[in-house]
Amino acid sequence: MVKGPKPSGIAVDNSPASTDTASVKIESDQVTLSLSTGESATILLHGATIISWKSSSGEDHLFLSPATPLDGSSAIRGGIPLVFPIFGPPPAGSKLAQHGFARTSKWELLGKTSDSASHVQVDFGLGPANLTEEARAAWPHEFGLIYSVVLSKGSLETKILVRNEGKESVEFNVLFHTYLKVPDISTITLTGLQNTSYKDKVLAGATSTETSSALTITGETDRVYTRVPGPVTVQDGSKPIYSIERSNLEDIVVWNPWKEGAEKIKDFGPAEGYRNMVCVEAGSVARFQTLEAGSVWEGGQILSLL
């Protein structure tokens with residue numbers, strides 16, 4: 001359990017939303033945030049994974065595979081899984097699962113810290129007591145995580161606070177594995193990556209520098225862009241549709257499995273689903289963050305509709 005003061009408690013609310021305030025509803029292991037203007041976000045306690053982010057029109061802006069189980073048996077294929085404390089396969093000798101344990105652990109709902117007619121924030125916590133014996137043995141550090149989700153008109157913010165509660169320094173990666181829903185990948189471009197160095201995992205980790213001012217996705221793509229200087233924008237043709245702004249997160253991962261890759265992923269669907277998604281993932285993954293004993297680190301992103 002995360003130590004230290006918790007946000008104020010939150011009551012279960014199954015009544016209709018007020019016409020002028022935000023609401024939070026808890027149903028089993030699912031938390032739904034709603035604004036009076038119609039926007040909503042749904043988060044599972046499993047992985048603290050956001051599985052839905054809808055605008056006032058009812059349109060969902062996150063891709064979620066219909067083949068992914070939502071019963072806590074595995075990581076969610078879609079939405080915004082949280083990667084911690086390792087990105088990708090673990091280092092040699094480590095028994096951590098790929099992408100770590102945050103996305104497969106059951107988090108605690110700590111509370112609602114603020115709300116108004118225009119926004120609502122809830123916090124989730126994870127600590128050693130929430131881990132399985134296997135995960136605890138693989139990463140035997142004293143730590144506390146507080147994950148905040150803020151729904152506002154036209155935007156969704158995610159923030160992660162990492163606290164080292166042990167007596168030795170710890171190293172970690174963190175990443176928001178955001179699956180954005182798009183109309184058709186053939187008309188999508190990403191701007192804000194030009195002149196940035198990247199590692200191409202499709203080409204066995206070859207390094208290169210992005211030369212395009214508007215990156216297109218024309219096949220399997222799995223790149224780690226490092227030290228990205230500013231916001232990244234997703235465009236549909238000439239129309240900007242999403243902006244990704246980051247705080248204390250230097251890197252951006254761009255991923256799309258394409259047809260052949262999607263066919264190899266058992267929980268990816270539908271068959272042509274890769275055409276309606278692109279992962280633009282804000283994180284700190286090119287190098288490890290080092291956190292000294294008793295110290296705190298925080299990073300976050302804001303996804304905005306344009």
Side-chain angles (χ1 to χ4, degrees), residues 27-32 40-54 59-90 94-107 124 126 130-132 134-135 138 147 149 156 158 173-186 188 201-202 217 219-224 234 242 252-283 285 301 303:
E27 297 177 340
S28 184
D29 289 338
Q30 181 171 293
V31 180
T32 300
S40 68
T42 301
I43 310 104
L44 300 181
L45 294 185
H46 173 61
T49 304
I50 302 171
I51 59 169
S52 175
W53 170 37
K54 294 181 180 180
E59 178 183 0
D60 207 322
H61 300 283
L62 296 178
F63 172 86
L64 181 68
S65 167
T68 193
L70 302 179
D71 60 1
S73 60
S74 63
I76 306 300
R77 178 69 63 185
I80 309 180
L82 179 59
V83 173
F84 178 93
I86 187 74
F87 170 70
S94 172
K95 294 185 178 181
L96 280 168
Q98 174 158 311
H99 288 336
F101 50 72
R103 64 182 186 147
T104 55
S105 297
K106 185 173 181 179
W107 290 61
F124 301 86
L126 188 76
N130 304 109
L131 305 185
T132 63
E134 293 79 10
Y147 180 46
V149 178
L156 182 70
T158 60
N173 295 139
V174 64
L175 173 131
F176 301 112
H177 199 313
T178 306
Y179 289 71
L180 292 173
K181 192 172 184 180
V182 297
D184 190 322
I185 195 65
S186 66
I188 295 299
K201 297 170 73 176
V202 174
I217 309 296
E220 182 182 2
T221 302
D222 193 354
R223 297 179 178 182
V224 181
V234 180
Y242 301 116
I252 288 284
V253 176
V254 178
W255 181 73
N256 183 295
W258 214 248
K259 181 177 177 61
E260 295 77 10
E263 290 174 347
K264 298 175 184 178
I265 303 173
K266 66 178 182 179
D267 60 353
F268 190 96
E272 297 294 310
Y274 72 92
R275 302 196 65 88
N276 300 118
M277 55 76 62
V278 62
C279 284
V280 184
E281 312 165 26
V285 297
Q301 68 169 357
L303 308 173

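Quick caveat, the model's predicted, so the values are computed rather than measured.
Of the inter-residue distances, the one linking Lys106 atom NZ with Asn130 atom CG reads 10.0 Å to the nearest 0.5 angstrom. Taking CG from Leu62 and NZ from Lys54, the interatomic distance works out to 11.0 Å, rounded to the nearest 0.5 Å. For the atom pair CH2 (Trp53) and OG1 (Thr158), the distance works out to 10.5 Å, reported to the nearest 0.5 Å. In this structure, CD1 on Ile50 lies 12.5 Å from CG on Leu64, to the nearest 0.5 angstrom.
Remark: Pro183 pairs with Ile188, Asp236, Ile241 by the side-chain contact (heavy atoms from CB on, under 4.5 Å) rule, at least two apart or across chains. Applying the salt bridge (Lys or Arg N to Asp or Glu O under 4.0 Å) criterion to Asp267, with sequence neighbours excluded, gives Arg77. Every residue two or more places apart in sequence or in another chain that forms a side-chain contact (heavy atoms from CB on, under 4.5 Å) with Thr49 is listed here: Ile51, Ile76, Pro81. With sequence neighbours excluded, the residues satisfying side-chain hydrogen bond (donor to acceptor under 3.5 Å, both in side chains) with Tyr242 are His61. Residues satisfying the salt bridge (Lys or Arg N to Asp or Glu O under 4.0 Å) test with Asp71, not counting sequence neighbours, are none. Residues passing the side-chain hydrogen bond (donor to acceptor under 3.5 Å, both in side chains) test with Thr68, sequence neighbours excluded: none. Checked against salt bridge (Lys or Arg N to Asp or Glu O under 4.0 Å), Glu272 has the following partners two or more places apart in sequence or in another chain: Lys259. Partners of Ser186 according to the side-chain hydrogen bond (donor to acceptor under 3.5 Å, both in side chains) rule, which considers only residues two or more places apart in sequence or in another chain, are Asp184. Remark: Lys201 engages no residue in a side-chain hydrogen bond (donor to acceptor under 3.5 Å, both in side chains) (not counting sequence neighbours). Considering only residues two or more places apart in sequence or on other chains, Tyr274 meets the ring-ring contact (aromatic ring centres under 6.0 Å, His included) condition with Trp258.
The side chain to side chain contact (heavy atoms under 4.5 Å, CB included) test with Leu175 singles out one residue from Ile86, Val224, Leu82, Val83, and that residue is Val83.
The two residues Ala48 and Tyr147 make their nearest non-hydrogen contact at O-CE2, 3.2 Å. Taking each heavy atom of Ala262 and Phe268 in turn, the nearest pair found is CB-CD2, 3.6 Å.
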| task | Apply the test side chain to side chain contact (heavy atoms under 4.5 Å, CB included) to residues Val31 and Val149: give CA-CA distance (whole Å), side-chain angles for both, the deciding distance (0.1 Å), then the verdict. | result | CA-CA 11 Å; Val31 180; Val149 178; over 6 Å; no
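Between Leu303 and Ile80, some side-chain heavy-atom pair lies under the 4.5 Å cut-off. Two residues are said to be in side-chain contact when any heavy atoms from C-beta on lie closer than 4.5 Å; Met277 and Asn256 meet this criterion. Looking only at side-chain heavy atoms (C-beta outward), Thr178 and Gln301 come within less than 4.5 Å of each other. Ile217 has its side chain within reach of Val254: a pair of non-hydrogen atoms, C-beta onward, lies under 4.5 Å apart. In this structure, the side chains of Phe84 and Leu126 stay at 4.5 Å or more apart for every pair of heavy atoms. Residues Glu220 and Asp222 are not in side-chain contact: their nearest non-hydrogen atoms beyond the backbone lie 4.5 Å or more apart.
Using a 30° and 60° split on the angle between ring planes, Tyr179 and Phe63 fall in the parallel class, below 30°.
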Which side-chain N or O atoms in residues 40-47 pair as donor and acceptor under 3.5 Å with protein atoms at least two apart or in another chain?
| unit_1 | atom_1 | unit_2 | atom_2 | d |
| --- | --- | --- | --- | --- |
| His46 | NE2 | Ser74 | O | 2.7 |

Name each donor-acceptor pair under 3.5 Å that joins a side chain in residues 94-103 to protein atoms two or more places apart or in another chain, with its distance.
| unit_1 | atom_1 | unit_2 | atom_2 | d |
| --- | --- | --- | --- | --- |
| Ser94 | OG | Leu96 | N | 3.2 |
| His99 | ND1 | Gly88 | N | 2.8 |
| Arg103 | NH2 | Gln98 | O | 3.2 |

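Between the side chains of Asp60 and Ser52, at least one donor N or O lies within less than 3.5 Å of an accepting N or O.
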